[in-house]
Protein chains: 2
Amino acid sequence: MGAGLVGSLLSLYLVKRGYKVTVYERRMDMRQHLIEGGRSINLALSNRGIAALHEVGLGDLLKQNSIPMHGRMMHDEKGKLNFQPYGKTGQFINSVSRGGLNMVLISEAERHGVEFLFEHRCVNIDFEKTEIAFQHHNAVRHRTHDVIIGADGAFSAVRGAMQITDRFEYSQSYIEHGYKELRIPPGEDGKPLLDTNALHIWPRESFMLIALPNPDATFTCTLFLPVEGPVSFQQLDKPEAIQQFFEKEFPDAVPLMPTLQEDFRDNAMSSLVTVRCYPWCRNKTLLIGDAAHAIVPFFGQGMNAGFEDCRVLNALLDEYQDSWKRVLPRFQELRKPDADAIAQLALDNFVEMRDLVADADFLLRKKIEAKLNELYPTRWIPFYSMVTFQENIRYSEALSIGQKQKKIMDDVMRKPGIEANWTSLDFEEIVNQLG
Amino acid sequence: MGAGLVGSLLSLYLVKRGYKVTVYERRMDMRQHLIEGGRSINLALSNRGIAALHEVGLGDLLKQNSIPMHGRMMHDEKGKLNFQPYGKTGQFINSVSRGGLNMVLISEAERHGVEFLFEHRCVNIDFEKTEIAFQHHNAVRHRTHDVIIGADGAFSAVRGAMQITDRFEYSQSYIEHGYKELRIPPGEDGKPLLDTNALHIWPRESFMLIALPNPDATFTCTLFLPVEGPVSFQQLDKPEAIQQFFEKEFPDAVPLMPTLQEDFRDNAMSSLVTVRCYPWCRNKTLLIGDAAHAIVPFFGQGMNAGFEDCRVLNALLDEYQDSWKRVLPRFQELRKPDADAIAQLALDNFVEMRDLVADADFLLRKKIEAKLNELYPTRWIPFYSMVTFQENIRYSEALSIGQKQKKIMDDVMRKPGIEANWTSLDFEEIVNQLG
């Protein structure tokens, strides 16, 4: 269920294993119709997602359609820039077009024999019979399958059917911030108006603006702001208020945004939800991707986590010789702690992005950790790198190592005169604390 | 929506205010058809619920159809009894038949002009239009109303429609215990086999059996037991295992339960869910009762809280001269903290019921608090009494006072030799600490 990024990728994995795969999608075929608004236009693809794309043979294609972002470019209130690399030289994340990647995945899956049924809305699931009731135009029909996989997103219909089964744990929780997408067009010479090799951030503590580069020399900006309150979307209800807010807070961005007023008016504000649930399977129906664990976007891991789900599921099918009866329970047991970990990390990283990144203490901490990593490349991997660049470290493992690192670094940062004399720290002693 | 206890009572309140009221109910009319299994047969009605029944003129009728329970009758592993009064002399809770009370409420509402439409299932709500889409037999029809109130229980369809609206906070969470209902018939002389003036408890720390009296001289027993694990429903899969378990744990109950094996086999195990959500209203549609705040049964407050919702809503309609636009937001603001409080208290009280009630420390604590209440009847009201017998203390207020009392009593219980010399405590000093 669902021809989004995760559903399409999974169908490709499965058809390559020799399965007969049908994908039901509520919406129209995005290759022939404009994609609905409200979803983010570009996404940050990193190692976990790339590993999965490589497994289905799409690694190279990917390289041609993404823009590497080597670090964060911070914009302060006066427009002053400060670049912070994400990792070591050669480590970067990738700005990719959601729609573009999705269409490639659908076409590639179709080419391998996957059947896509668009405008087929799931209205119910019979978990005992592994039967889907779907609505196509005005008719409701039923079809049974060997296995049903719900990859139908944060508002999953498959999960909706699961929610009323016995002892299904479920929560959906919104953060106080909403978001709105805006646009920076190319300059008059057709060239990008900002450095394309970075993810741009205007951190303002209680809110932030970010911008990601697109292949057409534009940038997609996203404003994250509380929905209500003294500084909020609610307050930005008039063109003057919008203009004043942007000029005060993002003075260097305003001249790059000639369609700010129109974009602000025309683009809807969207909300940011975290969905947690368990179990993920009932009999032979499984939830995967956002349907199982929708997260906020602040670690750039939503799509990557979903792609990693596909990779893990595929590995289990190898391990258990395609015995779905054994694979499905094993998948949820294995993967649930990782989903919980990245959900929490994504929430925590919002604070880091909008607040700490502009903080001197935070920057010194990053410097010391970079040094530790340089001296002990396998023993001290900075937390952001574990999550983003180390696809073989589980999210839950990264979280637990990260907590230890944080405790050690808190102690280091308390040392008197640390700003001046950090280069003379006993780095060996520090790394030994990690065990 | 919903002709259960809360929906029927609310319809009566509203028709008495002069509204034209229609109640849609998914099930058949319970006055003509046997009620579905799985729901508890009897309930503990206490002051909050009674206050509401009095307001709609059903207070007296109630008295004739309920059995007063003045305290807990504890049964230990050897069948030894120990009675603990719930409050002061004359304070009691009432065992009432769910079905009986529900039928009275429906008939009384109908008599006052409420229209009941049974076998009408809500399939969707249009919150902008305040329009219900309902399915009756095989046809789906639509009807708009001035106000829609979802009193359709823990698995509310109205809430289901609300759940996919923007920024709706929702969680459903199950405890590890399930429950199963069993039966103690009358004796050969037609008389009850246990004391009818008590709620019987067989507390066994990780599980418990309880029994409530019915007007027909039977008792309805409920076994609360983990669903899985070493001592669990999962383990009780054979008649011998069931018999052995009951004989070991509830030796004095077994001779009173001649149909234990049949009841155990025929009655389904049910689960216990806590539902929390917010907001409770969207435009002119409101959630109330279990639809807004389903709780576990261990404080005997589920129905009472739902009836109190009706009482609070009615009082707000008085206060705001039936301006629903003002009443609906005010209702949720006022009532949400109380719903959260009783949800937590109900979970906490499970530990007390199955574990602490058999504990010497706990009993001494109760004795000291009874003394405090005797000396300072308005200044120190035991926690259980605040929740159960003081309908004018809000649940959230009771929770906050109860937390203070607990802290004070923890200190008192730490005094050396407290078991022997508690009568010589400085009670004035203790009650003063409460402020």
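Because the structure is a prediction, the values reported are computed rather than measured. These values consider heavy atoms only, across backbone and side chains, with no hydrogens, waters or symmetry-generated copies. Here is the naming used below: chain letters follow the sequence lines, and residue numbers restart at 1 for every chain.
Using a 4.5 Å heavy-atom threshold, the side chains of B/Phe155 and A/Gln163 count as separate.
Of the atoms belonging to B/Val227, it is side-chain heavy atoms, and not backbone ones, that fall under 4.5 Å from chain A. For B/Tyr278, no part lies under 4.5 angstrom from a heavy atom of chain A.
Across all non-hydrogen atoms, the minimal contact from A/Tyr174 to B/Asp166 is CE2-OD1, 4.0 Å.
Note that the CD1 atom of B/Ile164 and the CD atom of A/Gln172 stand 9.5 Å from one another [nearest 0.5 Å]. Atom CG in B/Leu272 sits 8.5 Å away from atom CZ in A/Arg167 (nearest 0.5 Å).
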